[in-house]
Amino acid sequence: MTLDLGVLISGRGSNLQAILDAIAAGKLDARVRLVISNRPGALGLDRAREAGVLTVVISHKDHPDRASFDAALVAALEQAGVTWVVLAGFMRIVTNVLLDAFPSRVINIHPSLLPAFPGVSAQAQALAHGVRITGCTVHLVDVGTDTGPILAQAAVPVLPDDTEERLSERILAREHALLVHVLAAIAAGHLTVHPPATAAARSRVELLGVPGALGVEATDD
């Protein structure tokens with residue numbers, strides 16, 4: 001199936017660019033219907049415009065709370081015909097207003113091997129803890145902070161002379177590949193989401209088709 005994507009950004013939009021490049025190269029069966037930024041100066045907006053993609057700025061500062069901000073996001077996404085939402089460097093915590101509008105169809109990319117180092121500054125957290133391996137994770141979004149069901153992960157070694165900037169750039173390169181491959185697997189119909197068995201349980205996911213050449217294994221969460 002062709003994925004009709006809405007991509008939410010807050011910054012330079014390099015993961016957005018990876019998606020656009022993969023679509024242009026015929027490697028991803030998707031259309032980016034809309035790019036939304038909560039920051040008017042986000043460089044990713046220029047990337048989208050250069051690709052001929054519709055953009056809109058919806059500032060969280062113009063809304064009294066997270067729910068009303070998310071309601072504005074949902075209205076714009078639905079009007080554009082979006083069916084899947086990708087958080088690509090979107091620096092806002094989303095609420096059930098967005099999640100209920102796109103059930104099990106909101107995806108995030110995070111620069112660590114979750115559940116390790118959730119939240120902001122994951123790369124700095126990895127360096128501070130002295131880990132030898134970190135990486136990135138693509139997961140479905142829930143109301144927690146980076147707690148949703150994991151779709152796939154890619155490992156990145158931490159080198160002895162790494163700074164936060166160097167480590168971030170190497171992780172980012174893996175993010176680009178991982179995100180595209182996960183979306184391609186979803187477009188191929190390889191994602192199954194099993195509803196939670198009880199109210200206290202979480203959804204379980206199965207994702208096939210993410211190549212082992214990336215050092216990635218699909219994960220049952």
Side-chain angles (χ1 to χ4, degrees), residues 1-63 66-111 120 136-142 146 148 151 168-169 171-187 191:
M1 61 180 174
T2 301
L3 303 181
D4 290 309
L5 302 176
V7 183
L8 276 53
I9 64 170
S10 295
R12 56 182 173 171
S14 65
N15 273 310
L16 165 64
Q17 189 66 60
I19 293 171
L20 294 171
D21 290 346
I23 293 171
K27 296 179 180 179
L28 174 59
D29 185 7
R31 297 175 290 241
V32 179
R33 294 289 196 180
L34 178 66
V35 172
I36 301 178
S37 174
N38 65 311
R39 295 176 178 172
L43 295 178
L45 292 170
D46 293 331
R47 296 178 187 266
R49 291 166 185 149
E50 289 174 4
V53 174
L54 179 66
T55 66
V56 64
V57 175
I58 302 177
S59 175
H60 58 280
K61 296 180 181 179
D62 294 336
H63 298 272
R66 294 184 188 276
S68 61
F69 173 62
D70 280 8
L73 297 179
V74 169
L77 292 165
E78 290 182 339
Q79 184 176 9
V82 168
T83 56
W84 286 82
V85 180
V86 180
L87 310 185
F90 185 62
M91 304 306 290
R92 302 294 299 171
I93 296 174
V94 301
T95 69
N96 274 331
V97 173
L98 178 65
L99 299 177
D100 290 347
F102 299 93
S104 298
R105 292 194 172 198
V106 181
I107 295 170
N108 185 46
I109 179 84
H110 182 76
V120 298
C136 53
T137 302
V138 177
H139 65 96
L140 295 181
V141 179
D142 62 14
D146 301 318
L151 297 176
S168 297
E169 288 301 316
I171 293 173
L172 190 59
R174 298 302 297 275
E175 288 183 35
H176 296 164
L178 183 66
L179 181 57
V180 166
H181 280 290
V182 168
L183 290 173
I186 292 172
L191 173 63

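All values below were derived from every heavy atom in this structure, side-chain atoms included, with hydrogens, water molecules and symmetry-related copies excluded.
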- request: Taking the side chain as every heavy atom from C-beta outward, state whether Val138 and His110 have any pair of such atoms under 4.5 Å apart.
  value: no

message: For a side-chain contact (heavy atoms from CB on, under 4.5 Å) check, start with the C-alpha distance between Leu172 and Arg12, then their side-chain angles and the critical distance, and finish with the verdict.
response: CA-CA 12 Å; Leu172 190 59; Arg12 56 182 173 171; 3.1 Å; yes

message: Less than 4.5 Å apart, side chain to side chain, heavy atoms only: is that true for Val57 and Ile36?
response: no

message: I need the minimum non-hydrogen distance between Ala30 and Ile23, along with the two atoms involved.
response: O-CG2, 3.4 Å

- prompt: Can you name the closest pair of heavy atoms from Ser68 and His63 and give their distance?
  reply: OG-CB, 3.4 Å

message: Could you check whether any side-chain heavy atom of Thr55 comes within less than 4.5 Å of a side-chain heavy atom of Asp46, counting everything from C-beta outward?
response: no

message: Can you give me the closest heavy-atom contact between Ser37 and Ala42, atom names plus distance?
response: OG-CB, 3.3 Å

query: Could you state the interatomic distance from CD1 (Ile19) to CG (Leu179), rounded to the nearest 0.5 Å?
result: 4.5 Å

Tell me which donor-acceptor pairs under 3.5 Å the side chains of residues 80-99 have, and how far apart each pair is, sequence neighbours excluded?
unit_1, atom_1, unit_2, atom_2, d
Thr83, OG1, Asp4, O, 3.4
Thr95, OG1, Asp70, OD2, 2.8
Thr95, OG1, Val97, N, 3.2

- request: Before giving the answer on side-chain contact (heavy atoms from CB on, under 4.5 Å), spell out for Leu178 and His181 the whole-Å C-alpha distance, their side-chain angles and the decisive distance to 0.1 Å.
  value: CA-CA 5 Å; Leu178 183 66; His181 280 290; 5.7 Å; no

query: Under 4.5 Å between any side-chain heavy atoms of Leu34 and Val7, yes or no?
result: no

task: Measure across Glu78 and Ala101 and return the closest heavy-atom pair with its distance rounded to 0.1 Å.
output: OE2-CB, 4.1 Å

message: Are Pro111 and Glu175 packed together at the side-chain level, in the sense that at least one heavy-atom pair is separated by less than 4.5 angstrom?
response: yes

field: Point-to-point distance, once rounded to the nearest 0.5 Å, from CG of Asn38 to NE2 of His60
entry: 5.5 Å

- prompt: Below 4.5 Å, heavy atoms only, C-beta onward: do Leu73 and Ile58 meet side chain to side chain?
  reply: yes

field: Note, Glu50 side chain near Leu45 side chain (heavy atom, < 4.5 Å)
entry: no

query: Donor-acceptor pair, Arg33 side chain versus Leu77 backbone, under 3.5 Å?
result: no

query: What's the shortest heavy-atom distance between Ala22 and Val180, and which atoms?
result: CB-CG1, 3.6 Å

task: To the nearest 0.5 Å, tell me how far Leu5 CG sits from Leu183 CG.
output: 6.0 Å

message: For a 4.5 angstrom cut-off between non-hydrogen side-chain atoms, does Asn15 reach His176?
response: yes

- prompt: How far apart are the closest heavy atoms of Leu140 and Ser104, and which atoms are they?
  reply: CD2-O, 3.8 Å

query: Can you tell me how far the CG atom of Leu151 sits from the OG1 atom of Thr137, to the nearest 0.5 Å?
result: 10.0 Å

- prompt: Counting heavy atoms not belonging to Arg31, are there more than 12 under 6.0 Å from its CZ?
  reply: yes

